[in-house]
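Each remark here refers to the structure printed beneath this line.
In this text, all values refer to a predicted model and were calculated from it rather than measured experimentally.
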Amino acid sequence: MSVSNVSATSQQFTIQDPQSVVLTSPNSGTYTYLQDISIQWTKNNFTDNIDLYWTTSTTFSTSNVITTNFNSHPYTWDVPSSLAGTSIYIWVRKTGDSTVKDRSNSSISITGVTISRTIAEPITTSDSWSKTTGLW
C-alpha cells in the first residue's frame with residue numbers, strides 16, 4: 001500500500017548513547033601505602049569533570065574522597081598511611097551525578113611497609129657483645 005500526502009513536524013533532537021564512565025585501572029592488586037596509584041578511566045558521551053572515592057565495600061559512598069571535580073587524566077593518588085592493612089574499592093563518577101559511575105572490579109589491598117636493616121658497624125676490641133642483624 002502506498003501512502004501519499006504524508007507530512008510531519010518535530011522539534012530538533014539528537015539520539016546518542018547514554019553517558020558512562022569506566023574505571024580502567026587499577027582493578028585489582030596489592031599496593032603499599034607509600035606507593036602512588038595511577039587511577040585511569042574512560043568517559044563516554046560527556047566532558048564534565050570526575051570525582052574519585054574509595055570504599056571498603058561494594059556500596060558507593062562519597063564519604064572517602066580521593067579528589068573531586070578533577071579535569072585531567074590520569075590521577076596519581078598518594079595513598080594515605082591510614083589505609084595500611086585495608087582492602088578497598090576505587091570509584092570514579094561524573095562530578096555531581098551518582099548515576100554515572102564505576103568501581104574497581106575487585107578490592108585493592110593496601111599493605112604496610114616492612115623495612116629491614118643490617119647493622120654493619122665494625123666490632124672493636126673494647127666491645128664485649130656481638131652485633132647481629134636487627135629489624136628497624
Side-chain angles (χ1 to χ4, degrees):
M1 172 172 148
S2 75
V3 178
S4 60
N5 299 327
V6 174
S7 65
T9 308
S10 69
Q11 296 179 352
Q12 194 174 22
F13 65 92
T14 304
I15 298 174
Q16 67 181 26
D17 290 331
Q19 297 178 351
S20 66
V21 62
V22 176
L23 183 75
T24 56
S25 178
N27 272 304
S28 64
T30 300
Y31 300 86
T32 64
Y33 74 84
L34 293 176
Q35 182 178 4
D36 292 339
I37 297 177
S38 178
I39 303 173
Q40 299 181 40
W41 58 90
T42 302
K43 298 189 293 188
N44 298 302
N45 298 317
F46 73 93
T47 58
D48 302 58
N49 294 345
I50 58 94
D51 302 331
L52 295 169
Y53 302 95
W54 64 269
T55 62
T56 56
S57 73
T58 57
T59 304
F60 178 72
S61 170
T62 58
S63 297
N64 301 305
V65 176
I66 296 173
T67 190
T68 58
N69 206 26
F70 190 70
N71 64 3
S72 294
H73 187 261
Y75 180 80
T76 302
W77 184 31
D78 182 20
V79 181
S81 61
S82 60
L83 289 181
T86 306
S87 289
I88 64 167
Y89 291 88
I90 295 177
W91 290 83
V92 59
R93 78 163 186 177
K94 178 182 171 185
T95 295
D97 187 350
S98 291
T99 65
V100 181
K101 65 182 181 287
D102 190 35
R103 70 167 168 81
S104 48
N105 296 340
S106 299
S107 64
I108 295 157
S109 297
I110 308 297
T111 62
V113 177
T114 302
I115 300 173
S116 62
R117 300 273 192 239
T118 301
I119 300 173
E121 296 176 30
I123 298 175
T124 64
T125 56
S126 63
D127 290 334
S128 60
W129 44 273
S130 65
K131 295 183 179 184
T132 59
T133 301
L135 292 177
W136 295 86

- Note on the structure: One should read off an interatomic distance between Asn105 CG and Thr24 OG1, to the nearest 0.5 angstrom, of 10.0 Å
- Message: For a side chain to side chain donor-acceptor pair (under 3.5 Å) check, start with the C-alpha distance between Ser98 and Arg93, then their side-chain angles and the critical distance, and finish with the verdict.
- Response: CA-CA 6 Å; Ser98 291; Arg93 78 163 186 177; 2.8 Å; yes
- Query: Going by atom types alone, do Ser104 and Asn27 pair a side-chain donor with an acceptor below 3.5 Å?
  - Reply: no
- Item | Any side-chain heavy-atom pair of Ile90 and Pro26 under 4.5 Å | yes
- Looking only at non-hydrogen atoms, find the nearest pair between Ala84 and Tyr33 and report the distance. CB-CD2, 3.6 Å
- Side-chain touch Ile50/Lys43, heavy atoms, less than 4.5 angstrom: yes
- Taking C-beta and beyond as the side chain, do Tyr75 and Thr67 meet within less than 4.5 Å on heavy atoms? yes
- Item | Reported CG-to-CD distance for the pair Asp78 and Gln35, which is rounded to 0.5 angstrom | 11.0 Å
- Message: For a quick test of reading the model, state the closest non-hydrogen atom pair linking Gln40 to Leu23 and the distance between them.
- Response: O-CD1, 3.4 Å
- Message: The criterion is side-chain contact (heavy atoms from CB on, under 4.5 Å); which residues satisfy it with Ser61, sequence neighbours excluded?
- Response: Thr55, Ser63
- Message: Quick check for you: to the nearest 0.5 Å, what is the distance between Ile108 atom CD1 and Thr86 atom OG1?
- Response: 12.5 Å
- Query: Closest heavy-atom contact between Trp91 and Thr59?
  - Reply: CZ2-C, 3.8 Å
- Looking at side-chain heavy atoms only, is the closest gap between Ile37 and Val79 below 4.5 Å? yes
- Are Trp77 and Asp36 side-chain neighbours, meaning at least one heavy-atom pair lies under 4.5 Å? no
- For Thr47, enumerate each residue passing the side-chain hydrogen bond (donor to acceptor under 3.5 Å, both in side chains) test, keeping only those at least two apart in sequence or located in another chain. none
- Message: Under the criterion side chain to side chain contact (heavy atoms under 4.5 Å, CB included), I'd like the reasoning laid out for Val21 against Phe46: C-alpha separation, chi angles, the key distance, then a yes or no.
- Response: CA-CA 9 Å; Val21 62; Phe46 73 93; 4.1 Å; yes
- Query: Would Trp54 and Leu34 show up in the same hydrophobic cluster when neighbours are defined by side-chain heavy atoms closer than 4.5 Å?
  - Reply: yes
- Message: For a side chain to side chain contact (heavy atoms under 4.5 Å, CB included) check, start with the C-alpha distance between Lys101 and Lys94, then their side-chain angles and the critical distance, and finish with the verdict.
- Response: CA-CA 6 Å; Lys101 65 182 181 287; Lys94 178 182 171 185; over 6 Å; no
- Query: Does the side chain of Val92 come within less than 4.5 Å of Ile39's, by heavy atoms?
  - Reply: no
- When clusters are formed by joining ILVMFWY residues with side-chain heavy atoms under 4.5 Å apart, either directly or through shared neighbours, do Phe60 and Ile88 land in the same one? no
- Message: If we count only N and O atoms by modelled type, under 3.5 Å, do the side chains of Thr95 and Asp48 hold a donor and an acceptor together?
- Response: no
- Task: Would you please indicate if the ring centroids of Tyr89 and Tyr53 are separated by under 6.0 Å?
- Result: no
- Using ring-ring contact (aromatic ring centres under 6.0 Å, His included) as the criterion, list what pairs up with Tyr31, not counting sequence neighbours. none
- Between Asn49 and Asn69, a side-chain donor and acceptor under 3.5 Å: yes
- Residue pair Ile110 / Thr32, side-chain heavy-atom distance below 4.5 Å: no
